[in-house]
Enquirer: 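One structure is given below, represented as structure tokens, and several questions about it will come after.
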Amino acid sequence: MGCCLRQLQLFSTCMAFSLGASVGTWKGAIGNWSMFIWCFCFVLTLLILIVELCGLEGHFPFSWDNCLTTCNSFSALLCLSASIIYPVIYIQFLSNSHDWDRPIISTAFSCIAFVAYAMDVTWTRAQPNMITGYMATVPGLLKGLETIVACVIFIFLSNTSLYLHQPALEWCVAVYSICFVLSSVAILVNLGKCDNRLPMPFSVFQVVLTLLSVLLYTTALLLWPLYQFNEELGRLLQRSSDVNCSSGVPTSVCIWDQQLAVVSLTAINLLIYVTDLVFSARLNFNRG
């Protein structure tokens, strides 16, 4: 079962990457992100398949099953993000409907890859005497999702004109960076088995980090739209005010759309953080 899923993952990510490359997906930032995901997942899955075929699982100084679950969980989340963002952002720039065939098929293969990775995680967890890895738990998946949404935000923030010379907007960028680091630290501490070195239980540590992230993201959600859509600061209040939004430049997201994308993703990530906080706090309370 595992080998069959691995082959499906290789085939679907390879097809998504190949079809995306054939239409010049890499020309835009969103396309670069999608192409990176498909290529990264393909290479990672290929390495896993080679290790399993050569019987090298027992030669690693860590739990192979836990590593496998972590890799598949992250790959599932990455393919899910590509399956949503790629068609929403990229396909709209294709002026000719006849050009939609390959990007749509590429998106379909990305969705298949997501399903294959999700099935792999479920199948691994269903094995007898299997110890569930952190990334296969709800808190682990939420933490992974938080980091991936932050990465998408960073793609839009690659246009520094969105926030430079505005202290409030630069604070928002700092918030995204700080919270990304906090989520990454929580993941690495657990995966590295360093939770016994913390001055507090890991569950409490996770609640503290998540609460801090919720507070920081709340400030970003308030400040970003307040300063980005303020005519007094020279910003564009409506999409029609941005001439680039109607220029039809392929694989190019206009400034107004970038601003809206960041605030939308900020709201989504804040919702994920709140869900993470509620779940972790309830789990910690039940254990106490």
Side-chain angles (χ1 to χ4, degrees), residues 1-17 33-34 36-58 60-86 107-152 183-184 186-193 195 202-203 206 210 268-269 271-273 275-276 279-280 283:
M1 179 67 173
C3 186
C4 293
L5 287 173
R6 219 80 73 228
Q7 294 176 26
L8 179 59
Q9 293 158 6
L10 285 175
F11 177 74
S12 55
T13 51
C14 180
M15 289 300 297
F17 177 85
W33 170 249
S34 301
F36 165 77
I37 287 175
W38 297 325
C39 186
F40 173 80
C41 292
F42 176 84
V43 173
L44 183 62
T45 304
L46 182 61
L47 291 175
I48 291 173
L49 186 60
I50 292 174
V51 169
E52 291 182 335
L53 291 177
C54 296
L56 302 175
E57 300 96 320
F60 294 96
F62 48 80
S63 171
W64 175 253
D65 288 334
N66 194 11
C67 175
L68 188 61
T69 302
T70 300
C71 292
N72 287 330
S73 299
F74 260 113
S75 296
L77 293 174
L78 286 170
C79 287
L80 176 62
S81 70
S83 301
I84 296 173
I85 295 171
Y86 177 69
T107 302
F109 276 112
S110 183
C111 293
I112 293 173
F114 161 69
V115 173
Y117 283 115
M119 288 178 62
D120 204 344
V121 173
T122 304
W123 181 80
T124 303
R125 289 188 61 183
Q127 297 304 302
N129 302 321
M130 175 63 186
I131 300 175
T132 303
Y134 175 68
M135 287 306 301
T137 63
V138 174
L141 288 173
L142 289 172
K143 278 285 176 283
L145 195 56
E146 291 158 7
T147 58
I148 290 173
V149 174
C151 287
V152 179
S183 295
S184 300
I187 293 173
L188 293 175
V189 165
N190 192 281
L191 295 180
K193 305 297 182 183
D195 48 325
F202 178 75
S203 57
Q206 184 170 255
T210 308
I268 291 172
N269 222 11
L271 181 60
I272 297 172
Y273 274 111
T275 303
D276 189 4
F279 188 89
S280 298
L283 191 65

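In this chain, residues are counted from 1 in sequence order. Atoms considered below: every heavy atom in the structure, side chains included; atoms not considered: hydrogens, waters and symmetry mates.
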Enquirer: Nearest 0.5 Å, what's the CG-CG distance between Leu78 and Leu145?
Expert: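 Going from CG on Leu78 over to CG on Leu145, the span is 10.0 Å.
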
Enquirer: Which distance, rounded to the nearest 0.5 Å, do you find between the OG1 of Thr70 and the CD1 of Ile187?
Expert: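 Here the interatomic distance stands at 9.0 Å.
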
Enquirer: Just how far is it from atom OG of Ser34 to atom CD1 of Ile84, taken to the nearest 0.5 Å?
Expert: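 Interatomic distance, Ser34 OG to Ile84 CD1, rounded to 0.5 Å: 11.0 Å.
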
Enquirer: Got Ile272 and Asn269 here, is their nearest side-chain heavy-atom distance under 4.5 Å?
Expert: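 Ile272 reaches Asn269 side chain to side chain.
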
Enquirer: State, to 0.1 Å, how close Lys143 and Ala186 come at their nearest heavy-atom pair, and which atoms those are.
Expert: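 Of all heavy-atom pairs spanning Lys143 and Ala186, the closest is CE-CB, 3.8 Å.
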
Enquirer: For a 4.5 angstrom cut-off between non-hydrogen side-chain atoms, does Arg6 reach Asn72?
Expert: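 Yes, side chains in contact.
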
Enquirer: Per the ring pair (Phe, Tyr, Trp, His ring centres under 6.0 Å) rule, which among Phe36, Trp38, Phe17 passes with Tyr86?
Expert: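 In the set Phe36, Trp38, Phe17, the residue that makes a ring pair (Phe, Tyr, Trp, His ring centres under 6.0 Å) with Tyr86 is Trp38.
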
Enquirer: Go through the structure and list residues passing side-chain hydrogen bond (donor to acceptor under 3.5 Å, both in side chains) with Ser83, not counting sequence neighbours.
Expert: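 Ser110.
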
Enquirer: So, taking the atom named CD1 in Ile85 and the one named CD1 in Ile37, what distance separates them when rounded to the nearest 0.5 Å?
Expert: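 Going from the CD1 atom of Ile85 to the CD1 atom of Ile37 covers 7.0 Å.
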
Enquirer: Taking only residues two or more places apart in sequence, or in another chain, which ones meet Ser280 in a side-chain hydrogen bond (donor to acceptor under 3.5 Å, both in side chains)?
Expert: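 Ser280 satisfies side-chain hydrogen bond (donor to acceptor under 3.5 Å, both in side chains) with Gln206, Asp276 once adjacent residues are dropped.
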
Enquirer: Side chain of Thr45, backbone of Phe42: donor and acceptor closer than 3.5 Å?
Expert: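 No, because the side chain of Thr45 does not come within donor-acceptor range (under 3.5 Å) of the backbone of Phe42.
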
Enquirer: For Phe40, is the CZ atom crowded, meaning more than 12 foreign heavy atoms sit under 6.0 Å from it?
Expert: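 Counting neighbours around CZ of Phe40, 12 or fewer heavy atoms of other residues, nucleotides or ligands fall under 6.0 Å, so no.
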
Enquirer: Rounded at 0.5 Å granularity, tell me how far CG in Leu10 sits from CG in Leu5.
Expert: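 Those atoms lie 11.0 Å apart.
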
Enquirer: Which value, rounded to the nearest 0.5 Å, describes the distance between Glu146 atom CD and Leu77 atom CG?
Expert: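 Glu146 atom CD to Leu77 atom CG measures 11.0 Å (nearest 0.5 Å).
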
Enquirer: Assess the residue pair Tyr117 and Phe74 against the criterion (ring-ring contact (aromatic ring centres under 6.0 Å, His included)); give the C-alpha distance rounded to whole Å, side-chain angles, the decisive distance to 0.1 Å, and a yes or no.
Expert: CA-CA 9 Å; Tyr117 283 115; Phe74 260 113; over 10 Å; no

Enquirer: Minimum heavy-atom separation for Ser183 to Tyr273, with atom names?
Expert: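 Shortest heavy-atom contact: OG-OH, 2.9 Å.
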
Enquirer: How close do Ala116 and Leu8 get, heavy atom to heavy atom, and via which atoms?
Expert: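 Shortest heavy-atom separation between Ala116 and Leu8 comes out as CB-CD2, 3.8 Å.
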
Enquirer: Do Ile48 and Gln9 pass the side chain to side chain contact (heavy atoms under 4.5 Å, CB included) test, and can you show the C-alpha distance, the side-chain angles, and the key distance before you say yes or no?
Expert: CA-CA 11 Å; Ile48 291 173; Gln9 293 158 6; over 6 Å; no

Enquirer: Using a 4.5 Å cut-off on heavy atoms from C-beta on, say whether the side chain of Met15 contacts that of Ile112.
Expert: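 No, their side chains stay 4.5 Å or more apart.
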
